[in-house]
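Indexing begins at 1, ligand by ligand and atom by atom, following the structure's order. Heavy atoms only: backbone and side chains are in, while hydrogens, waters and symmetry mates are out.
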Amino acid sequence: MRTKAYVVGVGMTRFEKPETRDWQYWDMAREAGTGALTDAGIPYSAVEQVPVGYCFQASTAGQRAAYELGLTGVPVYNVNNNCATGATALMLARQFVEGGASDCVLALGFEKMARGALGGGADGGDFATSPVARHYAVMAARHGFEMTPPTAQIFGNAAREHMERYGTTEAQLAAVGAKNHRHSANNPYAQFQDAYTVDEILAARTVHSPLTKLQCSPTSDGAAAAVVVSERFVERHGLGERAVEIVAQAMATDTEESFASGSCIDVVGQPMSRAAARQVYDSAGLGIEDVDVVELHDCFSVNELLTYEALGMCEPGESGKLVESGATTYGGRWVVNPSGGLISKGHPLGATGIAQVAELTWQLRGEARARQVADACVGLAHNVGLGGAAVVTLLRRA
Ligand SMILES: CC(=O)SCCNC(=O)CCNC(=O)[C@H](O)C(C)(C)COP(=O)(O)OP(=O)(O)OC[C@H]1O[C@@H](n2cnc3c(N)ncnc32)[C@H](O)[C@@H]1OP(=O)(O)O
């Protein structure tokens with residue numbers, strides 16, 4: 001029998017610069033999982049299934065992590081979807097509950113990363129066998145291939161195209177970085193907590209023009225967890241006050257539209273994000289105008305602008321002006337990335353999508369302290385991965 005699904009417990013580690021804390025991925029998972037179970041006020045023995053998201057560990061690392069919470073013999077699923085891995089684990093948890101298979105599911109996500117840039121999905125730099133070969137072929141056909149980090153390069157080229165097509169400025173891109181670094185100053189879980197001016201963001205080292213380092217998500221260690229339960233579980237355990245409803249959630253993958261235009265804006269995922277958002281709005285009967293707070297996938301500053309447009313917060317090409325107007329920070333129409341976003345909170349791939357929902361759960365419960373968005377009732381999370389997958393999740397205070 002289908003039921004509503006609710007988040008009743010969330011937990012996360014502080015996201016850390018790689019190689020600075022002496023921990024293993026299972027230590028991170030134990031900390032985040034214990035936090036979520038404690039927040040929900042339930043024992044691990046109540047958990048019936050465990051989807052676990054990570055990219056850079058061996059198979060069954062999910063069991064190694066979950067076993068830190070208990071050896072109860074329940075099903076564990078190891079999932080990955082590049083940078084959308086966390087929300088993919090959460091999507092499985094929600095479907096297990098909504099579809100009536102389970103009343104209580106723990107979604108876990110973690111990553112233990114190295115310093116420096118990622119390889120962009122090409123094992124050893126050989127894109128011929130990479131799952132994202134077609135995406136990078138679109139980039140190379142239009143922009144060639146430079147000796148800069150591949151992920152920063154494909155998003156940086158999307159930024160160049162947005163500037164060329166719409167007149168978006170480097171200062172508008174930098175304004176995303178300045179906003180998110182400023183937001184993270186109030187987040188004890190954030191990898192960085194320093195604020196920067198737009199000029200300081202522009203003056204940082206150029207990674208792939210127009211993206212400077214302070215507009216790029218860093219590599220990070222960290223974990224996040226969420227307890228997802230059914231309506232009857234909420235009632236049986238008296239969790240009504242703690243519960244945040246998952247009103248709607250959708251995942252979209254690439255279609256021919258991603259590749260047809262020859263544009264980096266499309267191969268980095270804007271059409272997938274637009275499609276997932278459309279499915280969520282149609283399913284919920286709500287729109288972006290009903291949303292108060294957003295945690296979106298600002299892996300690079302340009303992707304925050306592309307996602308404003310994909311979510312319908314503005315018309316295509318108007319996103320630079322939207323961030324510049326102050327509409328996406330405190331006192332504006334929405335607060336986008338109050339946590340600091342990926343750029344400043346950090347981006348451990350397997351944890352990111354669940355950490356977004358942790359932040360929104362705290363916001364919708366009124367527990368975000370110095371980051372609290374006033375009267376937040378509806379939140380939207382957006383998690384995207386190259387290759388690709390985009391997951392949009394709409395949450396509402398129960
Ligand atoms: C769909 C997607 O999500 S795609 C995105 C997937 N993620 C990525 O591709 C990772 C993107 N990040 C990177 O490639 C790298 O971190 C870069 C290029 C930004 C910087 O790389 P490098 O300069 O080679 O090294 P490193 O990562 O150690 O960063 C250098 C310094 O800058 C700091 N730094 C990096 N990013 C940031 C940031 N956003 N804010 C503040 N400081 C930062 C690091 O902490 C480090 O500081 P330290 O030298 O004091 O220890």
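Of the residues Leu37, Thr72, Val229, Val227, the one that meets the side-chain contact (heavy atoms from CB on, under 4.5 Å) test with Val47 is Leu37.
The nearest protein heavy atom to atom 17 (C) of ligand 1 is not closer than 4.0 Å. For atom 25 (O) of ligand 1, a protein heavy-atom neighbour is present inside the 4.0 Å cut-off.
Interatomic distance, CG of Leu322 versus SG of Cys314, reported as 5.0 Å (0.5 Å rounding). The distance from the OG1 atom of Thr307 to the CZ atom of Arg274 is 10.5 Å, given to the nearest 0.5 Å.
The Leu214 neighbourhood of ligand 1 comprises atoms 40 (N), 41 (C), with distances under 4.0 Å to a heavy atom of that residue. Counting atoms of ligand 1 from 1 in the listed order, those under 4.0 Å from a heavy atom of Cys83 are 1 (C), 2 (C), 3 (O), 4 (S), 6 (C). Counting the atoms of ligand 1 from 1 in the order shown, those under 4.0 Å from a heavy atom of His297 are 1 (C), 2 (C), 3 (O). Listed by atom number, the atoms of ligand 1 under 4.0 Å from Thr151 heavy atoms are 8 (C), 9 (O).
The protein atom (non-hydrogen) at minimum distance from atom 36 (N) of ligand 1 is Pro218 CB, 3.5 Å. Here the heavy atom of the protein found nearest to atom 38 (C) of ligand 1 is Phe192 CE1, 3.6 Å. Among protein heavy atoms, the minimum distance from atom 7 (N) of ligand 1 is reached at Leu118 CD1, 3.5 Å. The nearest heavy-atom contact from the protein to atom 50 (O) of ligand 1 is Lys17 NZ, 3.3 Å.
Considering only residues two or more places apart in sequence or on other chains, Asp194 meets the salt bridge (charged side-chain N to carboxylate O under 4.0 Å, His left out) condition with none of them.
The backbone N or O of Leu202 sits nowhere less than 3.5 Å from a side-chain atom of Thr212 that would complete a donor-acceptor pair.
A salt bridge does not link Lys321 with Glu315: every distance from a Lys NZ or Arg NE/NH1/NH2 to an Asp or Glu carboxylate oxygen is 4.0 Å or more. In summary, Arg165 and Glu309 do not engage in a salt bridge, as defined by a charged side-chain N under 4.0 Å from a carboxylate O. The existence of a salt bridge linking Glu146 and Arg160 is confirmed by a sub-4.0 Å separation between a basic side-chain nitrogen and an acidic carboxylate oxygen. Salt bridge Glu359/Lys345: absent, no basic N to carboxylate O contact under 4.0 Å.
For Ala152, the closest heavy-atom approach to ligand 1 does not fall below 4.0 Å.
At a 4.0 Å heavy-atom cut-off, ligand 1 touches Val384 through the backbone alone.
Counting heavy atoms only, Lys213 comes closest to atom 30 (C) of ligand 1 of the residues Glu16, Lys213, Gln215, Met113. When Gly116, Gly388, Ala117, Ala114 are ranked by how near their heavy atoms come to atom 14 (O) of ligand 1, first place goes to Ala117. With atom 11 (C) of ligand 1 as the reference point, the heavy atom nearest to it among Cys216, Ala190, Ser217, Ser344 is part of Ser217. Distances from atom 22 (P) of ligand 1 to the heavy atoms of Arg115, Arg205, His181 put Arg205 nearest.
For the residue pair His208 and Thr148, a side-chain donor N or O sits within less than 3.5 Å of a side-chain acceptor on the partner.
Geometrically, ligand 1 and His347 share a nitrogen or oxygen pair separated by less than 3.5 Å.
Aromatic ring centres of Trp362 and Tyr189 lie closer together than 6.0 Å.
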